[in-house]
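Below is one structure; the comments refer to it alone.
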Number of protein chains: 2
Amino acid sequence: MVAALAGVSRATVSRVVNGSTSVAPELVHSVEQAVRTLNYVPNRAARTLASRRTYTITLLVPESTSKVFADPFFATVVEGVAKYLNSTDYMLNMVTSSEANPGKTQRYLMGGNVDGVLVVSHHSGDHSWEHLSDALPIVFAGRPLLNAADSYYVEVDNEEGALAAVERLISTGRQNIATIAGPQDMPPGVDRLAGWRGGLHQAGLSDALVEYGDFTVASGAAAMQRLLGRGKPLDGVFAANDQMAAGAHSVILKHGLRIPEDIALVGFDDDQFATGVEPALTTVHHPIAELGEKMARMLVELIEGRAAERVCRLPTSLVVRESA
Amino acid sequence: MVAALAGVSRATVSRVVNGSTSVAPELVHSVEQAVRTLNYVPNRAARTLASRRTYTITLLVPESTSKVFADPFFATVVEGVAKYLNSTDYMLNMVTSSEANPGKTQRYLMGGNVDGVLVVSHHSGDHSWEHLSDALPIVFAGRPLLNAADSYYVEVDNEEGALAAVERLISTGRQNIATIAGPQDMPPGVDRLAGWRGGLHQAGLSDALVEYGDFTVASGAAAMQRLLGRGKPLDGVFAANDQMAAGAHSVILKHGLRIPEDIALVGFDDDQFATGVEPALTTVHHPIAELGEKMARMLVELIEGRAAERVCRLPTSLVVRESA
DNA sequence: TTGTAAGCGTTATCAA
DNA sequence: TTGATAACGCTTACAA
């Protein structure tokens, strides 16, 4: 360690580099100067080997690589994660749990090569990684289907968001409010439906108008079609995400009905689908980048043994545009 | 190293693990067995420290993190990279060159923490990383603006693709073929325009009908508007990407013209915009995932000192749908 | 507060 | 072909 040539022992250099408090200010100064002139960069591998800390966090990408990457949700989460990690010493590394090599990932993660894991398997019930959590700190994006009670995770407050959507609909005078719900085997699907129900009950309105979709545009269109086909009075719709709302949107217009005059429409997520239609969607903002940031922050706290809440629920906000 | 407890020296274990040829078959066998029963996983840090090889490849993400991640091109490249790397011992790590911490990335990369770098700054002329290449193997996605001559990169054959597009237009009887070209400060913009020109010249047709866009839907629409405004005969359009083609598409229909009967339209990229319009676009397929795969393969070859072509140009193929 | 010295788990050199 | 043994560059008791 060449920096020692600037006056002190390697131990002291190490202390300075790692910000130990117990070092004489003058020594700190001269070491820092030496570091600068020698352009010294600590060797990560050596540091890891000695300290048994890797300063590496793995982003675990589930099986269906192609689908996940195409998903803007994923991209935005990663963006948030990267942003936070940039302010720390941690490096981010991605591992896709290859179908081909099931054990490889496992071994890598358990092999002490990583300080913690971030799991972004947003849909796909595959939470085969939960068992890792007793070997390694793990934070999930979204509430896991199983073992939610002992998992660390960050999610948006889906129920609150849906409630706000319904309240908007009610406050603009709607009385017959339907929902296009998401799959009931996914927490967001369940929670958004519950929020819708809650809002209606609060106002003493009926919750009979429910149709289900799978979060795709096509399924939203089909659900809207069924809703209209019921022949019941209908003047407001809450779709559990913007994609389904977009599908409903086109069906409503195709039926010669006006948005929002005849049917008001509120979506959820505030993504490109919300602004990609005309009139643009009033929707619930899903703070995805913040979710990623929070996940990373939580994981780092966990790793460093600082207090960390087991679950973090991010608040939503209603974005009012033209559709409701 | 506990595995040594199964008969031999640590040196031999190392040889077996690393597949050295000069080891007695019986020893190989017993070591492998020991590895299995002890569930031994080599320690990356120790290996790196001793061998000065990190088995880590960095994916360098340019400044504007949010834009890049939103770009499906980026996501797909990463997918390809990850896929190839999964078949190797290399790990992928992402570093976003934070505006906040300009030197940090630099030091990390130069600090011997990485075996090679993949740069995916698809647009954004910022190739401030080219100087790294004399310290570290680097492979770029797309031909770099500067120093293309001494850079390693993978690109799609833009000129060939554009040529095929024009040939399609000609073969379906079009005589007055325009182009909506991309920015001329980006290699794909330049090359696709050149391909269009080449096709027309080959056929003895005029190359007068050129308008420029910036690869966005809106710019494509505006360019189409200008093309139509010229009042010249026009029965075919080649747009330099599908987004601009989609913009042109809506303008054509809005003018009461039919696609492809009145104006045939060919795009480039074969992305979601090609299938998102009705009639769907005939377009040039851009093999993005393959590009990522090839980049990774090239980098690994470079790192391991095996022969590697300086530039790899991926072939395109025409996807015939309804618009031409 | 500072220095000494013992690892950390591999690979690599050199004899045997 | 195999085995000692010395690095690799850092952290961290433990002493001073």
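Just so it is clear: chains get the letters A, B, ... in the order the sequence lines come, proteins before strands, and each one is counted from 1. In this text, all values refer to a predicted model and were calculated from it rather than measured experimentally.
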Residues two or more places apart in sequence or in another chain: which of them pass side-chain contact (heavy atoms from CB on, under 4.5 Å) with [X]?
{"X": "A/Ser317", "answer": "A/His285"}
{"X": "A/Arg306", "answer": "A/Val300, A/Glu301, A/Glu304"}
{"X": "B/Leu136", "answer": "B/Leu109, B/Val114, B/Val117"}
{"X": "A/Ala24", "answer": "A/Glu26, A/Leu27"}

Expected list for residues 291-299 of chain B: side-chain donor-acceptor pairs under 3.5 angstrom, two or more places apart:
none

Distances under 3.5 Å only, N/O to N/O: pair up the protein atoms with those of nucleotides 3-5 of chain C.
residue	atom	partner	partner atom	Å
C/dG3	OP2	A/Ser9	N	3.3
C/dG3	OP2	A/Ser9	OG	3.3
C/dG3	OP2	A/Thr12	OG1	2.6
C/dG3	N7	A/Arg15	NH1	3.3
C/dG3	N7	A/Arg15	NH2	3.4
C/dG3	O6	A/Arg15	NH2	2.5

Task: Side-chain donor-acceptor pair present, A/His286, A/Asp269, cut-off under 3.5 Å - done: yes
TODO: Would you check if there is a donor-acceptor pair between the side chains of B/Thr58 and B/Asn93 at a distance under 3.5 Å?
DONE: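 A donor-acceptor contact under 3.5 Å links the two side chains.
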Nearest whole Å is fine: how far is [N] [atom2] from [X] [atom1]?
{"X": "A/His29", "N": "C/dT2", "atom1": "NE2", "atom2": "P", "value": "15 Å"}
{"X": "B/Asn18", "N": "C/dG9", "atom1": "CG", "atom2": "P", "value": "17 Å"}
{"X": "B/Asn113", "N": "D/dC10", "atom1": "CG", "atom2": "P", "value": "11 Å"}
{"X": "B/Arg53", "N": "D/dG9", "atom1": "CZ", "atom2": "C1'", "value": "19 Å"}

Open item on the list: By the 4.0 Å heavy-atom rule, please label A/Val28 as base, sugar-phosphate, or nothing.
Closed with: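 Nothing: the residue A/Val28, judged by heavy atoms under 4.0 Å, touches no strand.
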TODO: Rounding to 10 degrees, work out the angle separating the end axes of the helix from C/dT1-D/dA16 to C/dA16-D/dT1 (five pairs an end).
DONE: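 About 30° separates the two local helix axes.
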Task: All salt bridge (Lys or Arg N to Asp or Glu O under 4.0 Å) counterparts of A/Asp115, not counting sequence neighbours - done: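 For A/Asp115, the residues satisfying salt bridge (Lys or Arg N to Asp or Glu O under 4.0 Å) (neighbours in sequence not counted) are A/Arg53.
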Task: Non-neighbouring partners of A/Thr12 that pass side chain to side chain donor-acceptor pair (under 3.5 Å), sequence neighbours left out - done: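 Scan of A/Thr12 (side chain to side chain donor-acceptor pair (under 3.5 Å), adjacent residues dropped) gives A/Ser9.
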TODO: For A/Tyr152, enumerate each residue passing the side chain to side chain donor-acceptor pair (under 3.5 Å) test, keeping only those at least two apart in sequence or located in another chain.
DONE: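 Testing A/Tyr152 for side chain to side chain donor-acceptor pair (under 3.5 Å), a comparison that skips the adjacent residues, returns A/Arg310.
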TODO: Applying ring pair (Phe, Tyr, Trp, His ring centres under 6.0 Å), name anything that partners B/Tyr90, two or more places apart in sequence or on another chain.
DONE: B/Tyr55
TODO: Kindly state which residues belonging to residues 42-52 of chain A come within less than 4.0 angstrom of DNA chain D, counting heavy atoms of the residue only, listed by number.
DONE: A/Pro42, A/Asn43, A/Ala46, A/Arg47, A/Ala50, A/Ser51
Open item on the list: Measuring to OP1 and OP2 of D/dC10, would you say a side-chain N or O of A/Tyr40 lies under 4.0 angstrom away?
Closed with: yes
